[in-house]
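The figures here come from the full heavy-atom set of this structure, side chains too, leaving out hydrogens, waters and symmetry mates. Whatever order the structure lists ligands and atoms in, that order sets their numbers, starting from 1.
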Amino acid sequence: MANSDIRQRILELKAEKNALVLAHYYQPLEVQDMADHVCDSFEMAKRARAAEQQTVVICGVVFMAESAKILNPGKKILIPVMEAGCPMADMVTPEDVIKLKKEHPDAAVVCYVNSSAAVKSVSDICCTSSSVLRIVRSLPQKKIIFIPDKNLGAYVAKQVPEKEVILFDGFCPTHNRISESDVLRAKAAHPDSVFAAHPECREEVLNHADFIGSTAQILDYARKSEEKTIIIGTEQGIVERLRRELPNKNIYSVAASFICPNMKKTGLQELLNCLENEQWEIKLTDGEIAAAKQSLDRMVSI
Ligand code: 13P
Ligand code: SF4
């Protein structure tokens, strides 16, 4: 089938099945273009919770679809590719969290939304990269166990010095791969530039950033910035979106192949199959949902 036919069929199926399609900014542009809303992970959670449609398709990775299900248990939540996981989410287990809680009984557990439902269920509150500072500051506890991203946790510790942040050893393989020399090389190639980075990058990278924020916040910064040349320190999906949206600006990636392979597993054909066959449906037990819901609800309400 030609891509134009696939696109047409996706639109028909979306209407027929009254399905809401949400895509993350790291999805291929062709998938983003078929979505009702393109979002960062916080907006995705909020939109999934507010959805009026009975069927919601999450074009992203599995933890995003699981979060949508937990926030909206009565709806059918579909993901086009079940193998689209997030390696960072797999780096921490509930047992790791329970062990840390025993070692630090006076600490609150703040869990990055990039985590499994089981890990969320042993955490006090979830956060995303756009909400993390607000959430950590809102907590009465001085001590914070932050899981699983050590880079985001270190960024929080720096921004909120009044808290003591206990770090876990997780990381995003895509963001963690970027080094200080990548940044220096990009800056040398584009001397009159500003650098905007995602807080999943290492501290040595963030130290050179003119702006640090979530995917949506980086987009917003690039749109509003007076600077003509912007180096982007996050996934290629953002770079491509900005290049198309801001043709009068020079948008560069900080390093070649800054790509999340799991986000790129979804293409037009996978989205079409998902709508046509109503697969793959996220299934969680009532117990799993009830246990994980509190920490996500708290995040969305703050
Ligand atoms: P955002 O919360 O910025 O959308 O990031 C999600 C993610 O997986 C980043 O790697
Ligand atoms: Fe997970 Fe990193 Fe991909 Fe985000 S970019 S989904 S944190 S692997």
>> Checking side-chain polar atoms at under 3.5 Å, does N176 have a donor or acceptor matched by the opposite partner on N151?
In response: yes
> So, are K158 and E203 salt-bridged, with charged N and O less than 4.0 Å apart?
Replying inline: yes
> How far is atom 1 (Fe) of ligand 2 from its nearest protein heavy atom, and which residue and atom is that?
Replying inline: C86 SG, 2.4 Å
> Under a 4.5 Å side-chain heavy-atom rule over Ile, Leu, Val, Met, Phe, Trp and Tyr, are L29 and I58 clustered together?
Replying inline: no
>> Is it the case that the ring center of F195 lies less than 6.0 angstrom away from the ring center of H208?
In response: no
> So, are R9 and E276 salt-bridged, with charged N and O less than 4.0 Å apart?
Replying inline: yes
> In terms of residue, atom name and distance, what is the protein heavy atom nearest to atom 9 (C) of ligand 1?
Replying inline: E200 OE2, 3.0 Å
> For ligand 2, is there an atom lying under 4.0 Å from some heavy atom of N262?
Replying inline: no
> Which protein non-hydrogen atom lies closest to atom 2 (Fe) of ligand 2, naming both residue and atom, and how far is it?
Replying inline: C172 SG, 2.3 Å
> Can you find an N/O atom of T215 closer than 3.5 Å to an N/O atom of ligand 1?
Replying inline: yes
> Heavy atom under 4.0 Å from ligand 2: found in E235's side chain, backbone, both, or neither?
Replying inline: neither
> Against heavy atoms of S214, which atoms of ligand 1 measure under 4.0 Å?
Replying inline: 3 (O)
> Between the side chain of D182 and the main-chain N/O of S179, is any donor-acceptor distance below 3.5 Å?
Replying inline: yes
>> I'd like to know if E278 pairs up with K17 as an ion pair, taking the criterion as any Lys NZ or Arg NE/NH1/NH2 lying under 4.0 Å from an Asp or Glu carboxylate oxygen.
In response: yes
> Is any NZ, NE, NH1 or NH2 atom of the basic residue among E281 and K283 found under 4.0 Å from an Asp or Glu carboxylate oxygen of the other?
Replying inline: yes
> Heavy atom of Q217 under 4.0 Å from ligand 1?
Replying inline: no
> Short check: any N/O/S atom of C260 below 2.8 Å from atom 3 (Fe) of ligand 2?
Replying inline: yes
> How are the rings of Y26 and H175 set to each other: parallel, tilted or perpendicular (split at 30° and 60°)?
Replying inline: tilted
>> Students should be able to answer this: which protein heavy-atom is nearest to atom 8 (O) of ligand 1, and at what distance?
In response: N114 ND2, 3.2 Å
> For ligand 1, which atoms sit closer than 4.0 Å to a heavy atom of Y26?
Replying inline: 7 (C), 9 (C), 10 (O)
> Which residue holds the protein heavy atom closest to atom 4 (O) of ligand 1, what is that atom called, and what is the gap in Å?
Replying inline: H24 NE2, 2.7 Å
>> Give me the nearest non-hydrogen protein atom to atom 8 (S) of ligand 2 as residue plus atom name, then the distance to 0.1 Å.
In response: P87 CD, 3.5 Å
> Within a radius of less than 6.0 Å around NZ of K99, do more than 12 heavy atoms belonging to other residues, nucleotides or ligands occur?
Replying inline: no
>> Between E200 and Y112, is there a side-chain donor-acceptor contact under 3.5 Å, judged purely by atom types and distance?
In response: yes
> Among protein heavy atoms, which sits nearest to atom 5 (O) of ligand 1, and what does the distance come to when rounded to 0.1 Å?
Replying inline: H198 NE2, 3.4 Å
>> Within the 3.5 Å criterion, strictly below it, is a donor on T215 or D40 matched to an acceptor on the partner's side chain?
In response: no
> Short list, please: which atoms of ligand 2 are under 4.0 Å from a heavy atom of E200?
Replying inline: 2 (Fe), 7 (S)
> Considering only heavy atoms of D40, which atoms of ligand 1 have at least one such atom less than 4.0 Å away?
Replying inline: 4 (O)
> Any N or O on S130 sitting closer than 3.5 Å to an N or O of ligand 1?
Replying inline: no
> Of all the atoms in ligand 2, which lie at a distance below 4.0 Å from a heavy atom belonging to M88?
Replying inline: 7 (S)
>> Return the closest protein heavy atom for atom 2 (O) of ligand 1 as residue, atom name and distance.
In response: S41 OG, 2.5 Å
